[in-house]
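Written below as structure tokens is the structure these notes are about.
All heavy atoms count here, side chains included; hydrogens, waters and symmetry mates do not. Worth saying up front: this structure is predicted, and the values here are computed from it rather than measured.
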Amino acid sequence: MNDPVENAKRLAAFKAVDNHVVGGVIGIGSGSTVVYAVERLAQRVKDEGLEVICVPSSFQAKQLIIQHGLKLGDLEMNPNLKVTIDGADESDHMLTLIKGGGGCLTQEKILASCAEEFVVIADYRKASTHLGEQWSKGIPIEVIPSAYRVVYHKIEKMLGGKSELRMSGSSKAGPVVTDNGNFILDWNFEGVKDWKEVEITLNMIPGVVENGLFVGMARKAYFGMSDGSVMERDV
């Protein structure tokens, strides 16, 4: 694999699956790095006879599980997960994450909360000391469509910064719609010191479904580096 970023994603994903999956019910996150995690998981199931049930966080994750012939589960039947493996848009040195660049933040946070262990996989571009160093698109916030403008104004009044309704690409007019049928606001923050307080404040605003701040949830992260190594972070 010649692309250093894709190779980094693959290295991180493979190491996480090898180190943290021993069987049981596994939460499968969303995004480009997770593609490699599912690839490795399928290989281990084939080679080792590993018995796993995979619970997806999104339509994309569900399709990956099916395409690789893995056993598909859901939270209704499997509410307790051994481990959830997922990517991140950015991680600070304390493994506080920004997630939701792909729009699946609510389901991703539910899966992370159900797992005994939440493991993050990403490439070197996602590792920061402080949030906002690498990721410049703001914090995704899933909102009820009818309330998006109310939420927009409340966020700016309570927390400052600027919010924008996320719009679809040129091939489709209108806002991005999540798997849950909601809209996404992207909040560009300023001068935040306490991420837990911000997370709570955002979720207390009526009309907010969930936000893309993951505070105190991840305990381990693997970052594939451009030199072919994998950097690990623990908290």
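If you run side chain to side chain donor-acceptor pair (under 3.5 Å) between Tyr222 and each of Asp123, Asn19, Thr33, only Asn19 comes through.
Side-chain contact between Glu39 and Leu64: absent, with no pair of heavy atoms (C-beta onward) separated by less than 4.5 Å. Between Val21 and Ile85, the closest side-chain pair of non-hydrogen atoms falls below 4.5 Å. Side-chain contact between Ile98 and Phe189 is present, with heavy atoms from C-beta onward closer than 4.5 Å. In this structure, Ile141 and Leu105 have side chains that are not in contact, with every pair of non-hydrogen atoms separated by 4.5 Å or more. Residues Asn80 and Glu116 have side chains not in contact (no heavy-atom distance under 4.5 Å, counting atoms from C-beta outward). In this structure the side chain of Asn211 never reaches within 4.5 angstrom of the side chain of Trp187, judged on heavy atoms. Leu72 is not listed as a side-chain neighbour of Cys54, based on a closest heavy-atom distance of 4.5 Å or more. Side-chain contact between Phe223 and Ser91 is present, with at least one heavy-atom pair separated by less than 4.5 Å.
Looking at Thr178, its side chain never comes within 3.5 Å of a backbone N or O of Phe183 through a donor-acceptor pair. Remark: side-chain polar atoms of Glu156 are paired, donor with acceptor, to backbone N or O of Ser163 under 3.5 angstrom. Between the side chain of Arg233 and the backbone N or O of Ala127, no donor-acceptor pair lies under 3.5 Å. Of the possible polar contacts, none joining the Arg40 side chain to the Arg10 backbone as a donor-acceptor pair under 3.5 Å is found. Judged by distance alone, the side chain of His20 and the main-chain N or O of Ala16 form no donor-acceptor pair under 3.5 Å.
Glu90 and Ser128 are linked by a side-chain donor-acceptor pair at a separation below 3.5 angstrom, with hydrogens and angles left out of the test. Checking Thr84 against Asp86 by side-chain atom types alone, no donor-acceptor pair falls below 3.5 Å. With hydrogens and angles left out, the side-chain atoms of Asp179 and Gln107 include no donor and acceptor closer than 3.5 Å.
Here the closest non-hydrogen pair linking Gly100 and Glu108 is N-OE1, 4.2 Å. In plain terms, the two heavy atoms of Glu76 and Pro79 that are nearest each other are O-CD, 4.3 Å.
Ile66 and Leu41 fall within a single hydrophobic cluster, where Ile, Leu, Val, Met, Phe, Trp and Tyr side chains are chained together by heavy-atom contacts under 4.5 Å. Note on Ile139 and Leu165: same hydrophobic cluster, where clusters join Ile, Leu, Val, Met, Phe, Trp and Tyr whose side-chain heavy atoms are under 4.5 Å apart, directly or indirectly. Val235 is not connected to Val119 by any chain of hydrophobic side-chain contacts under 4.5 Å among Ile, Leu, Val, Met, Phe, Trp and Tyr, and they are in different clusters. In the hydrophobic clustering of this structure, Leu202 groups with Tyr152; members are Ile, Leu, Val, Met, Phe, Trp, Tyr whose side-chain heavy atoms approach within less than 4.5 Å, directly or through other members. By the rule that hydrophobic residues join a cluster once side-chain heavy atoms approach within less than 4.5 Å of another member, Met167 and Leu185 end up as members of one cluster.
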Report task. Show your working on salt bridge (charged side-chain N to carboxylate O under 4.0 Å, His left out) between Arg166 and Asp186 and close with a plain yes or no. Result -> CA-CA 7 Å; Arg166 189 183 296 181; Asp186 290 301; 2.8 Å; yes
Requested in this report: Run the numbers on Lys220 and Asp234 for salt bridge (charged side-chain N to carboxylate O under 4.0 Å, His left out), then give the verdict.
Outcome: CA-CA 5 Å; Lys220 182 80 175 184; Asp234 303 84; 3.0 Å; yes
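To the nearest 0.5 Å, atoms CD1 (Ile144) and CG (Asn180) are separated by 9.0 Å. Lys71 contributes atom NZ, which lies 12.5 Å from atom CD1 of Ile26 (distance to the nearest 0.5 angstrom). Interatomic distance, OH of Tyr124 versus NZ of Lys9, reported as 9.5 Å (0.5 Å rounding). Interatomic distance, Glu210 CD to Cys104 SG, rounded to the nearest 0.5 Å: 13.5 Å. Taking CG from Leu97 and CG from Leu131, the interatomic distance works out to 8.0 Å, rounded to the nearest 0.5 Å. Rounding to the nearest 0.5 angstrom, the gap separating the CD atom in Glu6 from the OH atom in Tyr36 is 3.5 Å.
When the shell of 6.0 Å around CD of Gln43 is examined, it contains more than 12 heavy atoms from other residues, nucleotides or ligands. Around the CD atom of Glu48, the shell of radius 6.0 Å holds more than 12 heavy atoms that belong to other residues, nucleotides or ligands. The number of heavy-atom neighbours closer than 6.0 Å to CD of Glu197, taken from other residues, nucleotides and ligands shown, is 12 or below. Around CE of Met94, the count of heavy atoms belonging to other residues, nucleotides or ligands within 6.0 Å does not exceed 12.
Geometric assessment of Lys109 against the ring of Phe214 yields a positive cation-pi assignment under the 6.0 Å and 45° thresholds.
Contact check on Glu117 versus Arg219 returns no salt bridge, with no Lys/Arg side-chain nitrogen under 4.0 Å from an Asp/Glu carboxylate oxygen.
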